[in-house]
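The next block holds one structure in the form of structure tokens; read it before the comments.
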Amino acid sequence: MTLQLLNTLRDQNPIVFNIANFVTVQDVANGLNALGASPIMSAEVQEAESMVQIAGAVCINMGTLTTQQVNQMAVVGKLANQYHKPVVLDPVAVGAVPYRKQVALDLLAKFSVDVIRGNAGEITALADIDWQAKGIDAGAGQGDVVEIAKRCAQQFNCCVILSGPTDVITDGKRVAKVANGTPLFQLHVGSGDLLSSIVAAFAAVSPTAIYDAAQVACVVLAGAGELVASQMTAARPATFAIDLIDRLSLVSVQEIQAIAKLNK
């Protein structure tokens, strides 16, 4: 992993095409823009090919599904494969809602993804392991999250990020853990969606080293959040969300290197 990818991202300003969750679309757009990427959103399948062509990577978020959007996701995923653009899938709440799990599995059968980013409940659901997910939350269950993440990565031949207090990143063989962060992330609904899109941004500037890009994305967002929290005297979720955007625009490679808690 090289944190210099952060400077590369800012130099290249990659376009990230998001099929977004309407609950968190503003968080994602502002977060990507602050970091140095260029977000673009679309809900129209008629412009899918043009959007994929101009994008450096695609992020597909299943947070607010509609039948029309599911169709768009299938089209966009296939086009991204055709044009060799990295694809990140965020399978929101697939561990809690059977319909969502079936949609995710159908999409994964139709096109290849480079990264699946989800919490423990979502990743275990895709790996077909028992876990008590609760809505968009991770829920609780028994099992080694590293082995669960590896199993999911092997099943779908991609990189998996199982995010939580410690993020687990694996390509099915190699494993890295990022222990940076703050509990305030769990009080802000858009944190996971933002991470998925930031993963896509780093994948756009490192398409041949997705595993490294995923690690950098986790370290940068978690590290930025940790820096914000370290300067707060009380837990203020709304203030945290605003200050996180500011920090993403200002944080340097040197600052992240100084606090990075990455274990391999």
Side-chain angles (χ1 to χ4, degrees), residues 1 59-63 86-98 100-183 185-186 191-196 198-200 202-203 206 208-223 225-226 260-264:
M1 184 198 74
C59 183
I60 296 175
N61 186 295
M62 293 177 52
V87 179
V88 177
L89 177 67
D90 189 329
V92 180
V94 295
V97 181
R100 287 174 181 249
K101 180 178 178 179
Q102 190 57 56
V103 168
L105 293 175
D106 289 346
L107 291 173
L108 287 164
K110 290 176 180 176
F111 58 85
S112 299
V113 301
D114 296 273
V115 182
I116 299 172
R117 199 292 310 169
N119 62 33
E122 293 156 353
I123 299 303
T124 52
L126 293 181
D128 207 24
I129 296 170
D130 185 49
W131 196 274
Q132 299 303 310
K134 181 183 178 183
I136 64 170
D137 298 328
Q142 301 294 322
D144 183 336
V145 292
V146 172
E147 291 305 314
I148 290 167
K150 286 174 67 177
R151 176 167 159 176
C152 187
Q154 292 163 1
Q155 182 174 343
F156 297 106
N157 191 30
C158 68
C159 179
V160 164
I161 300 171
L162 192 158
S163 57
T166 296
D167 294 331
V168 176
I169 305 105
T170 179
D171 60 1
K173 296 180 180 178
R174 296 172 292 179
V175 177
K177 296 180 182 180
V178 174
N180 293 98
T182 166
F185 275 123
Q186 289 146 33
S191 298
D193 295 351
L194 177 56
L195 175 56
S196 295
I198 287 177
V199 171
F202 280 106
S206 185
T208 60
I210 298 294
Y211 178 63
D212 289 339
Q215 292 175 65
V216 175
C218 290
V219 170
V220 168
L221 181 59
E226 187 173 307
K261 300 169 187 171
L262 176 68
N263 297 308
K264 298 184 181 181

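Throughout, numbering of the chain's residues begins at 1 and tracks the sequence. Predicted model, so just to flag it, every value in this text is computed and none were measured.
To the nearest 0.5 Å, atom OG1 of residue Thr124 and atom CD1 of residue Ile129 are 7.0 Å apart. In this structure, CG in Asn157 is found 11.5 Å from CG in Leu108, a value given to the nearest 0.5 Å. Between atom SG of residue Cys158 and atom CG of residue Leu89 there is a gap of 8.5 Å, rounded to the nearest 0.5 Å. Interatomic distance, CD1 of Ile198 versus CZ of Arg117, reported as 11.0 Å (0.5 Å rounding). Atom-to-atom distance recorded for Lys173:NZ and Gln154:CD is 8.5 Å, nearest 0.5 angstrom. How far CZ of Arg174 is from CD1 of Ile169: 12.0 Å, rounded to the nearest 0.5 Å.
Under the side chain to side chain donor-acceptor pair (under 3.5 Å) criterion, Thr170 pairs with no residue at all, not counting sequence neighbours. Residues meeting the side chain to side chain donor-acceptor pair (under 3.5 Å) test with Asp167, sequence neighbours left out: none.
Within the structure, the salt bridge (Lys or Arg N to Asp or Glu O under 4.0 Å) test picks out the following pairs touching residues 101-115 (sequence neighbours left out): Lys101-Asp128.
When all heavy atoms are compared, the tightest approach of Ala176 to Leu262 is CB-CD1, 4.0 Å. Between Gly172 and Lys150, the shortest heavy-atom distance links the atoms O-CE, 3.6 Å. Contact between Gly63 and Arg100 at its shortest, heavy atoms only, is O-NH2, 3.0 Å. Nearest approach of Leu105 to Phe156, heavy atoms of both residues: CD2-CZ, 3.8 Å. In this structure, Gly181 and Glu226 approach most closely via the heavy-atom pair N-OE1, 3.0 Å. Nearest heavy atoms, Phe185 versus Ser191: O-OG, 3.0 Å.
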Checklist line | Full working for side-chain contact (heavy atoms from CB on, under 4.5 Å) between Val92 and Asp193 | finding: CA-CA 9 Å; Val92 180; Asp193 295 351; 4.1 Å; yes
Margin query: Walk me through whether Val146 and Lys177 qualify under side-chain contact (heavy atoms from CB on, under 4.5 Å).
Written below: CA-CA 9 Å; Val146 172; Lys177 296 180 182 180; 3.5 Å; yes
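A donor-acceptor pair under 3.5 Å is absent between the side-chain atoms of Ser206 and the main chain of Ala203, judged by distance alone.
Under the side-chain contact (heavy atoms from CB on, under 4.5 Å) rule, Val115 has a single partner from Val88, Val160, Val87, Asp171, which is Val88.
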